[in-house]
Asks: 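I'd like to ask you about the structure that follows.
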Amino acid sequence: MHWQPAASLAIIRQRAELLSRLRRFFSDRGVLEVETPLLCSNGITDPSIEPFTVPCGEALTQPRFLQTSPEYAMKRLLAAHGEPIFQIARAFRDGEAGSRHNPEFSLLEWYRPGFDHHQLMDEVGQLLNDCLGARAVETFSYRQLFLQRLQVDPFTASSAELERIARRHIDPGSMVGDRDMWLELLMSHLLEPQLGDGTLSFVYDYPASQAALARVVSAGDVSVGQRFELYVDGVELANGYCELTDATQQRQRFERDNAVRCERGQLERPIDGYLLAAMDHGLPSCSGVALGIDRLLMLMTGAPCIQDVLAFDWQRS
Amino acid sequence: MANYSTSEFRSGMKVMLDGDPCSILENEFVKPGKGQAFNRVKLRNLKTGRQWERTFKSGETLESADVMDRVMEYLYTDSEFWYFMEPDTYEQYQADAAAVGDAHLWLKENERCDVTLYNDTPLSVAPPNFVELEIVETDPGLKGDTATGGTKPAKLVTGAVVKVPLFISTGEVIRVDTRTGEYQNRASKS
């Protein structure tokens, strides 16, 4: 029986210090700490994220879902009060386990009314300099990054062209997929490991098909999702958006997600009516970001595995 | 045969891939916060010994391979085949040159070694990490020369040639690390 903790006492202390540091950072800036429910009526439609379901209970008239992120509830608070807010929360994602993933993990998520994604990237940079010591900041648009590193335009290249580049460097066997899958393969296997080497590397303005909950705008000849990701020492640390505020577009994206889920033989997910109603009422123009606290702690302590920074990892919980 | 999904892949697991039995060495889960999850899997082809990395979409499955590692006793060779015996059942297996590979340089009769069976046929043979073998041919020993650190080639009873210190003579038994082919020390004569 492994009853003992996975993390050392020194790392458990560093986690406590990190949490105080994060709270101090936001209270100094007048950002309000909030809490929202973990057990939610609606899951998430994103085809690549699976929530855990709590099927029954005395208080349940229908199954509920453990949150995969506090995003929807925090947006309802934004719609109601328009205050800058942050939350330190547990999130849960089924099937995500590995040296950088634990199915239950800690997220820092915050929202800044009036900020665009570039202003929020600046603030993420300040927070990380506070936690990791001073590091140079690099920013690349998604397009620049692919052009520079792989000599391919991710917005215009055909699926076959992306697949050819992938197969030059990676052995994906008989894998089949669409453009976005090949882009994700190139990003995760070839680009991500080299990003943020001693720096904070932000990648921004993703293809519209990967916008998730970001606003989509036209930029010259293409549409871009105003989304950004932060990479530090080859690790994906944060994902942010200049948030989509249009309820109609939001509903269409949820419906498209569900259509993809059906195609792939996944269960359809109920659409979060609370969020759509809040957006109908009016979500202020804002940017928001989620940052993995466990991964940040890995970077701060040099721990090679996420298990090393969790008091009790998935195998022991 | 059972099927294993990427999330079940563990180091040491034997699976069929592109028609060949392979051993899983490492399995890394790779997933961006948004988007497709992958597993980067390091494998060894058990037929060819080739090691490489294959990426799967998470959730893909592979069939398990009928591969078993057994400890067997090496009996003899007739130059075409090498014969091994399972000590508990006395069942004998013949392995061809492809399966034995370089291991023949270190096989000593009646010594135990690891034989990997695929569909009940030897696929590969691994000698113990250390073996003691007699020298059948080397230049005459220089008595008392233990300090200069020079070496000379010595042919062992199995045909392997290893570098030994100058003071070692024909007929002596030495201990060799089979992973590197390096001389370790003199062994007491058997």
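As a basis for the values below, the full set of heavy atoms in this structure was taken, side chains included, without hydrogen atoms, waters or symmetry mates. Within every chain, numbering begins at 1; the chains are lettered A, B, ... in the order of the sequence lines, protein sequences first and strands thereafter. Just so it is clear, the structure is predicted and the values come from calculations on it, not from any experiment.
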Asks: Please report all inter-chain donor-acceptor pairs (under 3.5 Å) between chain A and chain B, with distances to 0.1 Å.
Replies:
from    : atom 1 : to     : atom 2 : distance (Å)
S48(A)  : O      : K31(B) : NZ     : 3.2
S48(A)  : OG     : G35(B) : N      : 3.2
S48(A)  : OG     : G35(B) : O      : 3.3
E96(A)  : OE2    : K31(B) : NZ     : 3.4
H101(A) : NE2    : K31(B) : O      : 3.3
D171(A) : O      : T55(B) : N      : 2.9
D171(A) : OD1    : R54(B) : NE     : 2.9
D171(A) : OD2    : W52(B) : NE1    : 2.7
D171(A) : OD2    : R54(B) : NE     : 2.8
D171(A) : OD2    : R54(B) : NH2    : 3.3
V176(A) : O      : K57(B) : NZ     : 2.7
E184(A) : OE1    : Q36(B) : N      : 3.0
H189(A) : NE2    : T55(B) : OG1    : 2.9
E236(A) : OE1    : G33(B) : N      : 3.0
E236(A) : OE2    : G33(B) : N      : 3.2

Asks: Would you mind checking which part of M175(A) comes under 4.5 Å of any heavy atom in chain B, side chain (CB onward), backbone (N, CA, C, O), both or neither?
Replies: side chain
Asks: Tell me, side chain or backbone of A97(A) under 4.5 Å from chain B's heavy atoms, or both, or neither?
Replies: backbone
Asks: Can you tell which part of L183(A) gets under 4.5 Å to a heavy atom of chain B, answering side chain, backbone, both or neither?
Replies: neither
Asks: Can you tell which part of F38(B) gets under 4.5 Å to a heavy atom of chain A, answering side chain, backbone, both or neither?
Replies: side chain
